[in-house]
Amino acid sequence: MSSLAVRKAAPAAGTTPGTAQGPPLRRRIAFVPTVTLLIGAIYCLLPVAWVVIAATKSGSELFSTFTFLPGTGFTENIRDLNAYRDGVYWKWMGNSALYAGLGALLSTVVSAFSGYALAIYRFRGRETVFNILLAGVLMPPVILAIPQYLLMAKADLTDSYASVLLPLVLSPYGVYLARIYSAAAVPADVVEAGRMDGASELRIFTRIALPMMVPGLVTVFLFQFVAVWNNFLLPYIMLSDDEKFPITLGLFTLLEQGSNTPALYTLVITGALLAVIPLVALFLVIQRFWSLDLLSGAVKS
């Protein structure tokens with residue numbers, strides 16, 4: 001009979017018999033970061049939800065109804081926003097698209113050339129230049145705003161589109177990202193092979209290195225576009241003509257006027273909601289590009 005008896009496995013050393021081992025403990029540990037991320041998501045998305053719901057309310061509903069109860073004035077708010085000063089809101093949106101689109105594109109081009117040069121070429125003072133760029137990454141933009149204004153005033157460029165675009169062309173963080181990505185994505189052997197085949201340095205960069213750098217440059221473009229779109233201080237200092245204001249500065253002027261005309265608060269909220277849509281659309285498009293690039297890279301490898 002003893003040979004037919006079912007033996008029970010002895011409990012592991014340092015454990016209590018009859019208690020569950022392994023998976024429950026891991027589940028409890030994994031539960032903590034999940035709850036933390038959920039709380040962080042609620043903290044970030046709650047203001048967005050408020051803006052979406054508040055944009056549906058009329059002026060009377062905004063201050064008299066429950067915060068997260070949708071209203072009935074969204075279409076009226078859109079009409080009032082379109083009619084405000086003959087549609088100046090869309091002029092501000094167009095200015096933001098110009099500043100962010102052109103500024104991010106120029107910054108990406110400069111970052112691509114600079115990052116590639118710092119990653120591939122060996123020259124005296126290269127590390128010094130790179131360390132200066134790192135110092136620029138750590139420097140708050142507010143410190144540079146006044147010197148940039150003085151430079152633009154010296155060149156008689158204040159209150160112009162160029163006064164907002166030119167300071168944005170050089171992005172230390174963009175150059176830093178481009179250098180790191182170039183060093184990782186562009187093999188030195190490929191560059192040497194192109195030189196041995198007689199290709200010029202510009203041709204090697206445009207035909208060989210640049211396609212390899214595209215995913216990193218897309219990231220640079222996205223970061224710079226968002227930074228310029230949300231930029232407030234530089235246009236606030238540089239511009240005085242409200243026809244050249246970006247959307248951030250335009251909504252700020254509306255908000256200031258709302259202290260005397262509360263009806264403008266609904267226009268500010270609706271305008272803020274519409275101003276987020278281009279950023280969301282751009283991120284969705286670029287996210288799709290990232291996915292396609294990863295898939296193509298997997299196929300090529």
Side-chain angles (χ1 to χ4, degrees), residues 96 98-149 151-152 162-192 194 201-235 237-238 246 248 279 282-283 285-294 297:
S96 287
L98 174 64
Y99 295 138
L102 185 57
L105 181 62
L106 293 175
S107 178
T108 303
V109 172
V110 172
S111 298
F113 278 99
S114 304
Y116 174 80
L118 290 171
I120 300 300
Y121 298 117
R122 302 291 184 268
F123 54 89
R124 181 177 299 177
R126 185 184 68 156
E127 294 303 323
T128 303
V129 172
F130 186 65
N131 290 334
I132 293 174
L133 285 171
L134 287 180
V137 173
L138 300 176
M139 188 172 297
V142 66
I143 297 178
L144 300 176
I146 299 300
Q148 288 170 346
Y149 173 79
L151 288 173
M152 293 295 113
S163 64
V164 179
L165 282 172
L166 290 179
L168 304 172
V169 171
L170 179 60
S171 169
Y173 187 61
V175 176
Y176 169 77
L177 287 180
R179 188 215 171 166
I180 298 302
Y181 197 86
S182 299
V186 183
D189 296 341
V190 174
V191 177
E192 289 298 328
E201 295 296 328
L202 182 60
R203 186 176 180 85
I204 292 173
F205 173 73
T206 56
R207 296 299 181 88
I208 299 176
L210 194 59
M212 298 178 179
M213 296 169 58
V214 165
L217 297 180
V218 168
T219 305
V220 173
F221 179 85
L222 175 63
F223 285 171
Q224 192 66 4
F225 187 96
V226 174
V228 178
W229 185 275
N230 294 329
N231 193 8
F232 171 79
L233 182 61
L234 184 64
I237 293 176
M238 294 290 184
T248 51
L279 298 180
L282 178 65
F283 179 80
V285 171
I286 290 182
Q287 186 182 39
R288 178 176 177 273
F289 173 84
W290 280 332
S291 302
L292 290 176
D293 185 80
L294 290 176

Enquirer: Which heavy-atom pair separates Tyr99 from Pro246 by the least distance, and what is that distance?
Expert: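 So the minimum-distance heavy-atom pair works out to CD1-CB, 4.0 Å.
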Enquirer: Looking at Phe221 and Leu105, what are the two nearest heavy atoms and their distance?
Expert: CE1-N, 3.7 Å
Enquirer: Could you name each residue pair satisfying side chain to side chain donor-acceptor pair (under 3.5 Å) that touches residues 225-234, not counting sequence neighbours?
Expert: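 Output for this query is empty, none listed.
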Enquirer: Does CZ belonging to Arg126 count more than 12 external heavy atoms closer than 6.0 Å?
Expert: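 It does: Arg126 CZ has more than 12 such atoms within range.
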Enquirer: Identify all side-chain donor-acceptor contacts of residues 141-149 below 3.5 Å with residues at least two apart in sequence or on another chain.
Expert:
none

Enquirer: Please report the closest heavy-atom contact between Ser182 and Met213, naming both atoms and the distance.
Expert: OG-CE, 3.1 Å
Enquirer: Do Tyr181 and Val220 have side chains that approach each other closer than 4.5 Å (heavy atoms only, starting at C-beta)?
Expert: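 A side-chain contact is absent here, since even the closest heavy-atom pair is not under 4.5 Å.
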Enquirer: Can you give me every donor-acceptor pair (side chain of residues 127-137, partner residue at least two apart or in another chain, under 3.5 Å) with its distance?
Expert:
{"from": "Glu127", "atom 1": "OE2", "to": "Arg179", "atom 2": "NH2", "distance (Å)": "3.4"}
{"from": "Asn131", "atom 1": "ND2", "to": "Glu127", "atom 2": "O", "distance (Å)": "3.1"}

Enquirer: Provide the full list of salt bridge (charged side-chain N to carboxylate O under 4.0 Å, His left out) pairs with a residue in residues 98-118, sequence neighbours left out, each pair given once.
Expert: none
Enquirer: Report all side-chain donor-acceptor pairs from residues 166-173 shorter than 3.5 Å, counting only partners two or more places apart or in another chain.
Expert:
{"from": "Ser171", "atom 1": "OG", "to": "Gly174", "atom 2": "N", "distance (Å)": "3.1"}
{"from": "Ser171", "atom 1": "OG", "to": "Gln224", "atom 2": "OE1", "distance (Å)": "3.4"}

Enquirer: Would you please test Ile208 and Val190 for side-chain contact (heavy atoms from CB on, under 4.5 Å) and show each step?
Expert: CA-CA 8 Å; Ile208 299 176; Val190 174; 3.2 Å; yes
Enquirer: Going by side chain to side chain contact (heavy atoms under 4.5 Å, CB included), Leu210 matches just one of Ile204, Val186, Leu217. Which one?
Expert: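 That would be Leu217.
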Enquirer: Where do Ala185 and Met212 come nearest, in terms of heavy atoms and distance?
Expert: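 Nearest pair, atom of Ala185 first, then Met212: O-SD, 3.5 Å.
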Enquirer: Closer than 3.5 angstrom, by distance alone: can the side chain of Arg122 be matched with the main-chain N or O of Ile120 as a donor-acceptor pair?
Expert: yes
Enquirer: Check the surroundings of atom OH in Tyr176: do more than 12 heavy atoms from other residues, nucleotides or ligands lie under 6.0 Å from it?
Expert: no
Enquirer: Which pair of non-hydrogen atoms, one from Pro211 and one from Thr206, has the smallest distance, and what is that distance?
Expert: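 Scanning both residues, the minimum pair turns out to be CD-O, 3.7 Å.
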Enquirer: Side chains of residues 110-119: which donor-acceptor partners sit under 3.5 Å, not counting sequence neighbours?
Expert:
{"from": "Ser111", "atom 1": "OG", "to": "Ser107", "atom 2": "O", "distance (Å)": "2.7"}
{"from": "Ser114", "atom 1": "OG", "to": "Val110", "atom 2": "O", "distance (Å)": "2.8"}

